Colleague: 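Provided herewith is a single structure, encoded as structure tokens, for subsequent inquiry.
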Amino acid sequence: MGRLIVVSNRVPTAGRAADIGGLAVALKGALTSGGLWFGWSGETTANDADPEAVKSRIDGNVAFSVVDLSEQDVREYYLGFANRALWPLLHYRADLMEFRQQDYEGYRRVNRRFARLLSRQVRADDLIWVHDYHLIPLAEELRRQGLRNRIGFFLHIPWPSPDVFSAMPRGRDLLTAFEAYDLVGFQTDRDAANFADCLTRAEQGEKLKNRIGAFPISIAAKEFATLAAEAAAHPIAQKLETSLRGRKLMIGVDRLDYTKGIDRRMESFGHFLEKTPSAKGNVVYLQVTPKTRSEVPEYADMQRRIAEIAGRINGAFSDLDWMPIRYLNRTIRHEALAGLYRMAAVGLVTPLRDGMNLVAKEFIAAQDEEDPGVLVLSRFAGAAGELDGALIVNPHDIEATAAAFAKAVTMPLEERRRRWRTMFDHLCSNDVVVWRERFLNEIAPSRAPRMKAAV
Ligand code: F6P
């Protein structure tokens, strides 16, 4: 049997920052049976560095092969086309899209180079699984290198309707690039349907239509529950618990990104404080927000905006011994985060648009079944299609979201248990292994016995 080769822009050999975001965590889960993981090292080199250099290492049953990117590659491929054109557009923000032909050429160039370097390592019976919007043209380039392997693609972020996608200047090229895949997976039925509609509108990809599916990504639910139970003793969790002095904790954990709705969430929290006198002095909202892509101007603007809102609300409501919002621009290690989720009375996951959002799933898995917290979840996160025991909100409606915060902090134990149980059971039978098996069985039915899919 051939190996599983996972390809993604971020690979967690690149240092701690690489673990930010659900993709790296989920792909670690997908590779538990071993394989090869290929992608960017996270390092930037001078433009004249050796383009053929590949760094390899082995960690348990996974071999890692990573390449550096030149300054020009990072500017054009990563910060440019991937994160200033595709990222906003696929999150329905055509207004924020900055398309430059030179960036697009850099995007195609890096995909070509990845294909050239990866193809040297591929054996005939390997299965290649490409991840996310950075690498849409990779299969097309691998085919040009002569590869005939099964190649699948999974998109971790949303796919918008044809009206939105039509704003993409090289949209036709991108849709054509998908034809080189044997299977194209999306997070939700809606994303898959939107993609099929884009093909119909462009009169493209007739054959591809039978190779599209929804495969909602997940987490290692039981393992994360165990991690969270142990993490209560983690020094970071203990430090926070001591500092809370019995106050209720509301927690939000998101990369600093305009899609995450952190600004509106803070405004909702301010409104909640205004309308709920009993919350004053008794509730603390911890927002953990590591920074990525800071060189992209929209991210710097968002950073200023959120800091300003947090400062304004803290200025208006703080007392000598209480500050309502604690806003941290740093990463907290996964094993400590699990403990913070478990300690929280309320989890806030209110993106304006999100492929899935694995924080929502981790928050549920981390809860103490005797005394579970409440999840407030945006209807625009893919996770809302599965986690129906959450309080579902429209994050654009500040007042209704604030009312959901009030309902969450006062929800009776019985209702909390009932809501949590259905969600936790769902996650246990739809974990990251089921996600991987559903995709791999679909692309190569002979590879492994078909597992029952409950989603
Ligand atoms: O899940 C979306 C995603 O863009 C992943 O592809 C990525 O690894 C993660 O978010 C973090 O973003 P970045 O790699 O740009 O820091």
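Counting begins at 1 with the first residue of the sequence. Here the structure is a predicted model, which is why all the values come from computation and not from measurement. Order of appearance sets the numbers: ligands from 1, and atoms from 1 within every ligand.
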Colleague: On the 0 to 90° scale, with breaks at 30° and 60°, tag the His131-Trp435 ring pair as parallel, tilted or perpendicular.
Modeller: tilted
Colleague: Please determine if Arg10 has a nitrogen or oxygen closer than 3.5 Å to a nitrogen or oxygen of ligand 1.
Modeller: yes
Colleague: Which of the listed options, Arg255, Arg293, Met356, holds the heavy atom that is closest to atom 4 (O) of ligand 1?
Modeller: Arg293
Colleague: Does Arg100 come within less than 4.0 Å of Asp103, counting only side-chain N to carboxylate O?
Modeller: yes
Colleague: With a 4.0 Å cut-off on heavy atoms, does His134 reach ligand 1?
Modeller: yes
Colleague: Could you tabulate the donor-acceptor pairs under 3.5 Å formed by side-chain atoms of residues 137-146, not counting sequence neighbours?
Modeller:
from, atom 1, to, atom 2, distance (Å)
Glu140, OE1, Arg108, NH2, 2.5
Glu141, OE2, Arg144, NH1, 3.3
Arg143, NE, Ala180, O, 3.1
Arg143, NH1, Leu147, O, 3.2
Arg143, NH1, Asn149, O, 2.8
Arg143, NH2, Asn149, O, 3.3
Arg143, NH2, Ala180, O, 3.1
Arg143, NH2, Asp182, OD2, 3.2

Colleague: Counting from 1, what ligand 1 atoms have a heavy atom of Trp87 closer than 4.0 Å?
Modeller: 2 (C), 4 (O)
Colleague: Tyr78 heavy atoms, cut-off 4.0 Å: which ligand 1 atoms fall inside?
Modeller: 13 (P), 14 (O), 15 (O), 16 (O)
Colleague: Near Tyr133, which atoms of ligand 1 are under 4.0 Å from a heavy atom of that residue?
Modeller: 4 (O)
Colleague: Judged by atom type as modelled, is there a donor-acceptor pair below 3.5 Å linking the side chain of Asp197 to the main-chain atoms of Pro162?
Modeller: no
Colleague: Would you check the N or O atoms of Asp132, main chain and side chain alike, for any that come under 3.5 Å of an N or O of ligand 1?
Modeller: yes
Colleague: Do ligand 1 and His156 have nitrogen or oxygen atoms that lie under 3.5 Å from each other?
Modeller: no
Colleague: Give the atom numbers and elements of ligand 1 that come within less than 4.0 Å of a heavy atom of Thr292.
Modeller: 16 (O)
Colleague: Using the ring of each side chain (for Trp, its six-membered ring), is Phe186 parallel, tilted or perpendicular to Phe178, with breaks at 30° and 60°?
Modeller: tilted
Colleague: Identify, with sequence neighbours excluded, every residue that meets side chain to side chain donor-acceptor pair (under 3.5 Å) alongside Arg116.
Modeller: Glu52
Colleague: Is it true that Arg312 and Glu308 make a salt bridge, defined as a side-chain N closer than 4.0 Å to a carboxylate O?
Modeller: yes
